[in-house]
Participant: 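My questions all concern the structure below.
Please read all numbers here as calculations on a predicted model, not as lab measurements. Letters go in sequence order (proteins before strands), and every chain restarts at 1.
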Amino acid sequence: MDLNRLRAFQAVYQHNSTVGAARTLSVTRSAVSQSLSKLEAEIGVKLFTRAAKGLVPTSAGHSLFRRIDPFLSSLENEVRAIKSAGERPSGLLRLGTPVAFGRCYLPVKLAAFRARYPEVEFALELGNQTRLLSLLEAGELDFTIADVFDDPSPSRLRSSLFSLETLFEERMTLVCSRAYFEDHRLENATIETLAACNFLTYQSQNFDLKSWFRHHFAKVPPQLSIALTVDDSHALIEAVKCSLGLAVFGSHLVEPELESGALRAVLSGPADEINRISLVQLLDKKPSLTERAFVKHLLAG
DNA sequence: CGGTGCCGCATACCAAGTGC
DNA sequence: GCACTTGGTATGCGGCACCG
């Protein structure tokens, strides 16, 4: 059934004339008259009685109007809502993030964005980078936050699938408790001294530690003694404070502890490895208005 | 990519009713 | 009777889909 013919019928019913309907629909009365005739031919029933001054609905006309008027009105409202949604950020944003970043930094940014655009909702996925990149690739996330190092080893992030935008940079520092530092004589530590220590890591394959060793010594000790693996920065900091071993942290996570002297940095200095915390998107995906607004919001700092 | 057919619409015109 | 309003319809044009 042709929607335009139904709209012509609706307008004629409301005005009891083809002239009024034509004005409403911005067409000539001839077009209205023709649409109406075709609709009647299609249904096989007269919808109006042609009177001297206008058109009077038949019982079939009344019945049809009662059915289609709510439908056409709700259809128009729905289309209007969809159009206005395209003009302002709204809807669901699916975001992946490392656990520590998702807990500490992101909630503030999400709150500020939503204060500005209350029609936006978030679905936050906390997890390790490998899993988040897989979800992004499968189209189950709109963005993910990732750690990007200058490490020359092959990285999935450097494939042609993804586009990267740096949000901010942090120094990667190897730290331990003051007691652990003194017990293991870690002032001017060599790779051999460090290789004899215990380590704590975020990731089961301890990429963070390997990357730190490659950066500072251009090689990784053949055997690292991993005392703890935990994907939670608070747990990791507490374990380091208890002298369980050494762990690599983004500088912002342990700044207070380093300043108070509760933790000590090993080989600390300007030569520390830089982690560019970046926003990752699929390269060939055209970002929506909401996604573009969110990227702009994060990049604004 | 051009030919063809269909469809919606506008234009022009006709018919009928109404008011002065 | 005439001007005006309104509805109906023949005709032509333009846009679009389909096909070879």
Side-chain angles (χ1 to χ4, degrees), chain A residues 1-95 116-123 133-144 159-163 165 279-297:
Chain A
M1 191 166 281
D2 190 300
L3 202 60
N4 283 337
R5 288 178 193 163
L6 291 178
R7 289 202 66 219
F9 164 78
Q10 183 193 33
V12 170
Y13 186 98
Q14 285 163 338
H15 291 89
N16 284 115
S17 95
T18 57
V19 176
R23 262 196 297 271
T24 300
L25 301 172
S26 303
V27 294
T28 61
R29 55 188 179 75
S30 162
V32 174
S33 178
Q34 288 172 46
S35 288
L36 198 57
S37 298
K38 281 171 189 165
L39 182 63
E40 288 178 327
E42 201 171 68
I43 301 173
V45 175
K46 284 283 171 198
L47 298 168
F48 293 97
T49 302
R50 274 65 176 171
K53 278 280 177 188
L55 292 91
V56 180
T58 61
S59 63
H62 283 301
S63 170
L64 182 63
F65 182 80
R66 276 196 299 273
R67 288 206 175 262
I68 65 148
D69 188 53
F71 164 70
L72 290 178
S73 300
S74 75
L75 188 64
E76 274 176 24
N77 288 339
E78 199 60 40
V79 169
R80 205 173 298 129
I82 291 168
K83 273 186 181 172
S84 67
E87 292 160 3
R88 193 176 153 75
S90 62
L92 183 67
L93 267 184
R94 303 162 305 167
L95 191 60
R116 193 165 170 196
Y117 302 113
E119 301 88 352
V120 175
E121 294 169 17
F122 300 100
L133 287 177
S134 296
L135 291 173
L136 183 68
E137 213 175 319
E140 289 171 34
L141 292 176
D142 298 314
F143 305 99
T144 187
S159 80
S160 55
L161 271 178
F162 304 113
S163 72
E165 294 254 26
L279 189 68
V280 186
Q281 291 174 270
L282 279 182
L283 196 61
D284 60 355
K285 183 188 164 196
K286 192 177 176 226
S288 67
L289 175 78
T290 310
E291 289 167 24
R292 289 200 303 276
F294 187 67
V295 172
K296 200 173 158 191
H297 173 74

Participant: One character per nucleotide, please: for nucleotides 6-14 of chain B, 5' to 3', B when the base has a protein heavy atom closer than 4.0 Å, S when only the sugar-phosphate does, - otherwise.
Facilitator: --SBBB-B-
Participant: A/Leu55 CG to C/dT5 P: how many Å, rounded?
Facilitator: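 From A/Leu55 CG to C/dT5 P: 18 Å.
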Participant: Going by the rule salt bridge (Lys or Arg N to Asp or Glu O under 4.0 Å), which residues pair with A/Glu119 if we only count those two or more places apart in sequence or in a different chain?
Facilitator: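 A/Glu119: salt bridge (Lys or Arg N to Asp or Glu O under 4.0 Å) contacts with A/Arg88.
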Participant: With A/Arg7, which residues qualify under side-chain contact (heavy atoms from CB on, under 4.5 Å), at least two apart?
Facilitator: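 Here the qualifying residues are A/Leu25, A/Leu72, A/Glu76.
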Participant: Report the residues that fulfil side-chain hydrogen bond (donor to acceptor under 3.5 Å, both in side chains) with A/Asp69, sequence neighbours left out, ordered by chain and then residue number.
Facilitator: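 Here the qualifying residues are A/Gln10.
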Participant: Identify, with sequence neighbours excluded, every residue that meets side-chain hydrogen bond (donor to acceptor under 3.5 Å, both in side chains) alongside A/Glu121.
Facilitator: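 Applying side-chain hydrogen bond (donor to acceptor under 3.5 Å, both in side chains) to A/Glu121 gives none.
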Participant: Checking A/Val19 now: which residues fulfil side-chain contact (heavy atoms from CB on, under 4.5 Å) with it, not counting sequence neighbours?
Facilitator: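 Partners of A/Val19 by the side-chain contact (heavy atoms from CB on, under 4.5 Å) criterion, ordered by chain and then number, come out as A/Ser17, A/Arg23, A/Arg29.
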